[in-house]
A.B. asks: 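Just passing along the structure, written as structure tokens.
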There are 2 protein chains.
Amino acid sequence: MARDESGFSHPDEGTLSLEAIFHALSDPYRLRIVRALAASTVPMNCGDLSFGRPKSSMSHHFRILRAAGVLHTTSQGVEHMNRLRRDMLDRRFPGLMAAILGETGQPAGDHPRRLTPA
Amino acid sequence: MARDESGFSHPDEGTLSLEAIFHALSDPYRLRIVRALAASTVPMNCGDLSFGRPKSSMSHHFRILRAAGVLHTTSQGVEHMNRLRRDMLDRRFPGLMAAILGETGQPAGDHPRRLTPA
DNA sequence: TCGTTTGTTCGATAAGAATGGAACTAGTCC
DNA sequence: GGACTAGTTCCATTCTTATCGAACAAACGA
């Protein structure tokens with residue numbers, strides 16, 4: 001979990017903890033970030049994923065997701081670009097992300113599009 | 001989410017929240033409970049799933065798991081019998097429990113047997 | 001160099017969750 | 001009824017997390 005070239009700490013595959021991942025995903029904003037990244041073909045910066053919340057709050061959420069190994073951040077100029085660590089997560093916990101994102105193959109209704117209890 | 005015959009409140013399928021499930025699963029003891037129940041062919045009482053912790057603490061954890069819809073509790077005499085709500089969870093979030101429990105089909109190494117970071 | 005943009009860090013506060021002892025309730029058996 | 005068992009509820013304490021303004025840092029362009 002050394003700081004990489006871009007100055008961010010990312011856990012490596014062997015140290016992933018399911019508890020930490022679940023904790024990271026138990027917050028509505030963090031789940032929105034994950035879904036937005038999953039739906040995007042390109043990395044997104046923090047501003048794109050702020051949902052109108054203060055920068056300091058979102059920076060906190062990004063740090064939790066990074067520390068859990070859910071996303072990866074790199075600097076590009078003044079921006080910090082984020083992407084899901086989908087490959088690693090799929091290797092370590094096959095099916096987990098697919099289940100979270102509702103990629104089930106079967107129609108499964110309207111299921112996980114709701115972020116807050118109705 | 002009305003109290004059922006046995007006096008416990010269980011959410012019904014439509015009101016399940018992924019955030020609540022993740023929060024429920026983000027605790028090491030709760031994850032142990034879930035894994036033990038998944039590995040058992042029969043319901044287990046709270047005492048069987050106490051891991052040596054105080055009853056009041058474990059009662060708290062059972063309530064969280066119940067409220068999230070992860071397990072179902074019924075009274076049988078003085079005991080409270082618990083079982084995973086696997087069918088409902090599989091309907092609502094297909095693949096989620098399988099991923100958590102490491103039922104991947106592929107060998108996937110030693111992966112999710114560790115409960116606390118090494 | 002100065003100003004702008006993007007995001008982090010710091011610090012204080014508030015909200016939420018975990019813990020565990022003590023008292024309590026509900027069954028069961030004598 | 002009395003004793004015993006299995007869990008829950010209550011309560012206080014402690015720990016953790018979230019929130020957000022303010023100050024800061026780094027990259028960039030004029």
Side-chain angles (χ1 to χ4, degrees), chain A residues 3-10 17 19-33 36-37 42-68 70-83 115-117, chain B residues 3-10 17 19-33 36-37 42-68 70-83 115-117:
Chain A
R3 227 154 241 259
D4 61 24
E5 349 53 79
S6 33
F8 292 103
S9 301
H10 297 102
S17 138
E19 287 93 329
I21 292 172
F22 285 145
H23 170 247
L25 297 175
S26 69
D27 177 274
Y29 285 115
R30 294 197 290 256
L31 207 45
R32 286 175 76 173
I33 290 172
L37 286 177
V42 292
M44 299 175 77
N45 69 17
C46 299
D48 290 339
L49 298 163
S50 288
F51 308 111
R53 312 303 307 160
K55 296 192 294 178
S56 54
S57 296
M58 297 314 289
S59 189
H60 163 73
H61 290 308
F62 280 105
R63 193 156 49 81
I64 304 279
L65 287 167
R66 225 161 20 227
V70 176
L71 57 77
H72 188 273
T73 310
T74 52
S75 287
Q76 278 190 19
V78 285
E79 300 175 79
H80 293 177
M81 303 307 289
N82 302 281
R83 60 175 179 76
L115 296 177
T116 46
Chain B
R3 230 154 240 259
D4 59 26
E5 347 52 82
S6 32
F8 292 103
S9 300
H10 295 103
S17 137
E19 287 94 329
I21 292 173
F22 286 145
H23 170 246
L25 297 175
S26 68
D27 177 274
Y29 286 114
R30 294 196 292 256
L31 208 44
R32 285 175 77 172
I33 291 172
L37 286 177
V42 293
M44 301 174 77
N45 69 17
C46 298
D48 291 339
L49 297 164
S50 288
F51 309 111
R53 313 301 308 160
K55 295 193 294 179
S56 54
S57 295
M58 295 314 289
S59 190
H60 163 72
H61 290 308
F62 279 106
R63 193 156 48 81
I64 303 280
L65 286 166
R66 230 164 13 233
V70 175
L71 57 78
H72 189 272
T73 309
T74 52
S75 287
Q76 279 191 18
V78 284
E79 301 175 78
H80 292 177
M81 304 307 288
N82 301 283
R83 60 173 179 77
L115 294 177
T116 46

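Chain naming here is simple, since letters A, B, ... match the order of the sequence lines and numbering starts at 1 in each. Please read all numbers here as calculations on a predicted model, not as lab measurements.
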A.B. asks: Find the distance Tyr29(B):OH to dG20(C):C1' and express it as a whole number of Å.
C.D. replies: 13 Å

A.B. asks: Compare the minimum distances between each of dG7(D), dA17(C), dT6(C) and the side chain of His23(B), then state the nucleotide with the smallest one.
C.D. replies: dA17(C)

A.B. asks: For Cys46(A) and Asn82(A), which heavy atoms make the closest approach, and how far apart are they?
C.D. replies: SG-ND2, 3.5 Å

A.B. asks: Could you walk me through whether Phe62(A) and His80(A) pass the ring-ring contact (aromatic ring centres under 6.0 Å, His included) test, one step at a time?
C.D. replies: CA-CA 10 Å; Phe62(A) 280 105; His80(A) 293 177; 9.3 Å; no

A.B. asks: In whole Å, what is the span from the CD atom of Glu79(A) to the P atom of dA27(D)?
C.D. replies: 14 Å

A.B. asks: Rounding to an integer number of Å, can you tell me how far Arg53(A) CZ sits from dT6(C) P?
C.D. replies: 19 Å

A.B. asks: Give the nucleotide from the list dG7(C), dC20(D), dT8(D) with an atom nearest to the side chain of Pro54(A).
C.D. replies: dC20(D)

A.B. asks: Please report the distance, rounded to the nearest Å, between CG in Leu65(B) and C1' in dT8(D).
C.D. replies: 16 Å

A.B. asks: Nearest of dT8(D), dT19(D), dA6(D) to any side-chain atom of His60(A)?
C.D. replies: dT19(D)

A.B. asks: Which whole-number value in Å describes the distance from Asp27(A) CG to dT19(D) C1'?
C.D. replies: 11 Å

A.B. asks: Lys55(B) NZ to dT19(C) P: how many Å, rounded?
C.D. replies: 17 Å

A.B. asks: Would you indicate, yes or no, if dT6(C) has its OP1 or OP2 atom less than 4.0 angstrom from a side-chain nitrogen or oxygen of Asn45(A)?
C.D. replies: no

A.B. asks: Respond yes when some side-chain nitrogen or oxygen of Arg63(A) is under 4.0 Å from OP1 or OP2 of dG7(C), and no when none is.
C.D. replies: no

A.B. asks: Looking at dT19(C), dC20(D), dG7(D), which one has an atom nearest to any side-chain atom of Ser57(B)?
C.D. replies: dT19(C)

A.B. asks: Which residue, Ile64(A) or Phe62(B), contacts DNA chain D at a nucleotide closer to its 5' end, judged by nearest heavy atom?
C.D. replies: Phe62(B)

A.B. asks: Rounded to the nearest 0.5 Å, what separates atom CD1 in Ile21(B) from atom CZ in Phe22(A)?
C.D. replies: 10.0 Å

A.B. asks: Nearest to the Val78(B) side chain among dC20(D), dA26(C), dA18(C), which nucleotide is it?
C.D. replies: dA26(C)

A.B. asks: Between dT19(D), dA18(C), dT8(C), which nucleotide has the shortest distance from any of its atoms to the side chain of Cys46(A)?
C.D. replies: dT8(C)

A.B. asks: Any donor-acceptor pair under 3.5 Å between the side chain of Ser56(A) and the base of dG21(D)?
C.D. replies: yes

A.B. asks: As a test of understanding, state which of Arg53(A), Arg30(A), Arg32(A), Arg66(A) forms a side-chain hydrogen bond (donor to acceptor under 3.5 Å, both in side chains) with His61(A).
C.D. replies: Arg30(A)

A.B. asks: Roughly how far, to the nearest 0.5 Å, is the CG atom of Leu25(B) from the CD1 atom of Ile33(B)?
C.D. replies: 10.5 Å

A.B. asks: Could you tell me how far apart His80(B) (NE2) and dT8(D) (C1') are, to the nearest whole angstrom?
C.D. replies: 8 Å

A.B. asks: What nucleotide, of dT19(C), dT9(D), dT8(C), holds the atom closest to the side chain of Phe8(A)?
C.D. replies: dT8(C)

A.B. asks: What is the separation between atom NE2 on His61(B) and atom C1' on dA6(D), rounded to the nearest whole Å?
C.D. replies: 18 Å

